[in-house]
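Worksheet: one structure, shown below.
Keep in mind it's a predicted model, so treat the numbers as computed, not measured. All residue numbers in this chain count up from 1 along the given sequence.
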Amino acid sequence: MRSILYLVSSLAGAALAQTPLNTSEVSLISSNYGGSGCPTGSVSTSFSPDRKTITLSFDSINLYLGPNTTPRLDAVKNCAVHLRLQYPAGWRFIIEDVTWHGFFTIPSDVRALFYTTFEILSVDLQTVTVPTLQINGSDTTRGDIVTEKVGAINVLPSACYGSGSTSNITDTIVAHDRWGLTALKNGVVVQDWMGDEGGRVPLVQQIGLRWVACR
């Protein structure tokens, strides 16, 4: 009888462990941002239905090169976005990668550099680093569509809280983004690098998440 009870208990435990994440219980409950590259009202956020992608859209990253500009102020901008997540106890997330989507008009003698690091508040502000993305200009008047995916250098899961808890978990991802233009020769002028003569096109950043059951 004991062996039968043990077998039933083990099967029940295995079934519980294999229960998939209930995405209806995962939500982005708030987002706040600030920095020289994201004035008020310039960043929008969304969360994919499968809860594996957070999308940030930036429409006011104003970078300039040329006369009467200061490189450290005009050619470099930054933004910190605080993303507060709520999800069931017994689960944790891992930041896996970042995908950038943009439409740029950049001269061939200019490079655009994207820098990204993440902090996860539940793990004492340790950082997740993403390799620097470099976009080279091409001198096209119509602009260039760019989609680039870069994987995280290090894996840092969020803290794990037991499935015995009756309440959902809240945790915060802080995305630190910095963008810069670098001229490869003197006399280069860049007035609007996002979009073309037809108008500005927002820069989109997609943050890839992987959900893992706590062990």
Side-chain angles (χ1 to χ4, degrees), residues 14-35 37-38 40-61 79-104 114 116-123 126-131 133 145-177 179 194-195 200-215:
L16 182 61
Q18 294 173 4
T19 301
L21 174 67
N22 185 353
T23 55
S24 67
E25 296 182 9
V26 181
S27 59
L28 176 61
I29 57 178
S30 67
S31 63
N32 300 284
Y33 57 88
C38 52
T40 301
S42 67
V43 181
S44 60
T45 61
S46 63
F47 208 177
S48 64
D50 64 4
R51 298 308 190 236
K52 293 181 179 180
T53 306
I54 299 174
T55 299
L56 310 179
S57 181
F58 303 88
D59 65 13
S60 295
I61 308 170
C79 187
V81 183
H82 295 247
L83 303 162
R84 192 176 182 207
L85 304 180
Q86 181 172 279
Y87 52 92
W91 289 88
R92 62 190 349 184
F93 61 84
I94 296 171
I95 299 173
E96 287 205 304
D97 51 53
V98 169
T99 302
W100 292 99
H101 302 277
F103 188 78
F104 309 104
F114 297 7
T116 302
T117 58
F118 296 99
E119 294 175 314
I120 300 175
L121 297 194
S122 67
V123 285
Q126 297 183 60
T127 59
V128 178
T129 302
V130 176
L133 173 62
I145 299 173
V146 175
T147 298
E148 294 286 348
K149 181 176 182 177
V150 287
I153 292 176
N154 58 315
V155 175
L156 180 64
S158 62
C160 205
Y161 301 95
S163 57
S165 174
T166 57
S167 60
N168 286 337
I169 306 303
T170 58
D171 202 351
T172 299
I173 298 171
V174 185
H176 295 277
D177 289 315
W179 310 275
M194 294 171 57
R200 170 158 294 197
V201 177
L203 175 61
V204 174
Q205 180 186 36
Q206 293 182 312
I207 303 167
L209 303 179
R210 176 161 54 95
W211 293 92
V212 180
C214 296
R215 301 296 182 186

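Here the straight-line distance linking atom OG1 of Thr117 with atom NE2 of His176 works out to 5.5 Å at 0.5 Å rounding. Rounded to the nearest 0.5 Å, atoms OG (Ser27) and CG (Asn168) are 7.5 Å apart. For the atom pair CD of Glu148 and CG of Leu133, the computed distance is 5.5 Å after rounding to the nearest 0.5 Å. Put simply, NZ on Lys149 and CH2 on Trp100 are 15.0 Å apart, with the number rounded to the nearest 0.5 Å. Taking CD1 of Ile169 as the reference point, atom CD of Glu25 lies at 11.5 Å (rounded to 0.5 Å).
Here the closest heavy-atom approach between residue Ser31 and residue Thr45 is recorded as OG-OG1, 3.4 Å. In this structure, Tyr87 and Val26 approach most closely via the heavy-atom pair CB-CG2, 4.0 Å. For Val43 against Cys38, the heavy-atom pair with the smallest separation is CG2-CB, 3.5 Å. Across all non-hydrogen atoms, the minimal contact from Trp179 to Phe114 is CD1-CD1, 3.7 Å. For the pair Pro20 and Trp91, the tightest heavy-atom approach, listed with the atom from each and the gap, is C-CZ2, 3.7 Å. Closest of all the heavy-atom pairs between Leu203 and Met194 is N-CE, 3.5 Å.
Side-chain atoms of Asn154 come within 3.5 Å of backbone atoms of Thr127 as a donor-acceptor pair (strictly under, hydrogens ignored). Under the 3.5 Å distance criterion, the side-chain polar atoms of Arg92 are matched with a main-chain donor or acceptor of Ser158.
A heavy-atom distance below 4.5 Å is found between the side chains of Phe93 and Ile173. Using a 4.5 Å cut-off on side-chain heavy atoms (C-beta onward), Ile95 and Leu209 make contact. Contact check for Val81 versus Gln205: no side-chain heavy atoms found under the 4.5 Å cut-off. Counting heavy atoms from C-beta on, the side chains of Phe58 and Asp177 come closer than 4.5 Å. Within the 4.5 Å cutoff, the side chain of Pro88 has heavy atoms near those of the Leu21 side chain. Residues Ile153 and Pro131 are in side-chain contact: their nearest non-hydrogen atoms beyond the backbone lie under 4.5 Å apart. Side-chain contact between Leu83 and Ile207 is present, with at least one heavy-atom pair separated by less than 4.5 Å. In this structure, the side chains of Leu85 and Thr172 stay at 4.5 Å or more apart for every pair of heavy atoms.
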Steps toward side-chain contact (heavy atoms from CB on, under 4.5 Å) verdict (Val98, Phe118): CA-CA 11 Å; Val98 169; Phe118 296 99; 3.5 Å; yes

Candidate pair Asp171 and Tyr161, rule side-chain contact (heavy atoms from CB on, under 4.5 Å), full reasoning: CA-CA 11 Å; Asp171 202 351; Tyr161 301 95; 5.6 Å; no

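Judged as a salt bridge (charged side-chain N to carboxylate O under 4.0 Å, His left out), not a single pair has a partner in residues 43-59 (not counting sequence neighbours).
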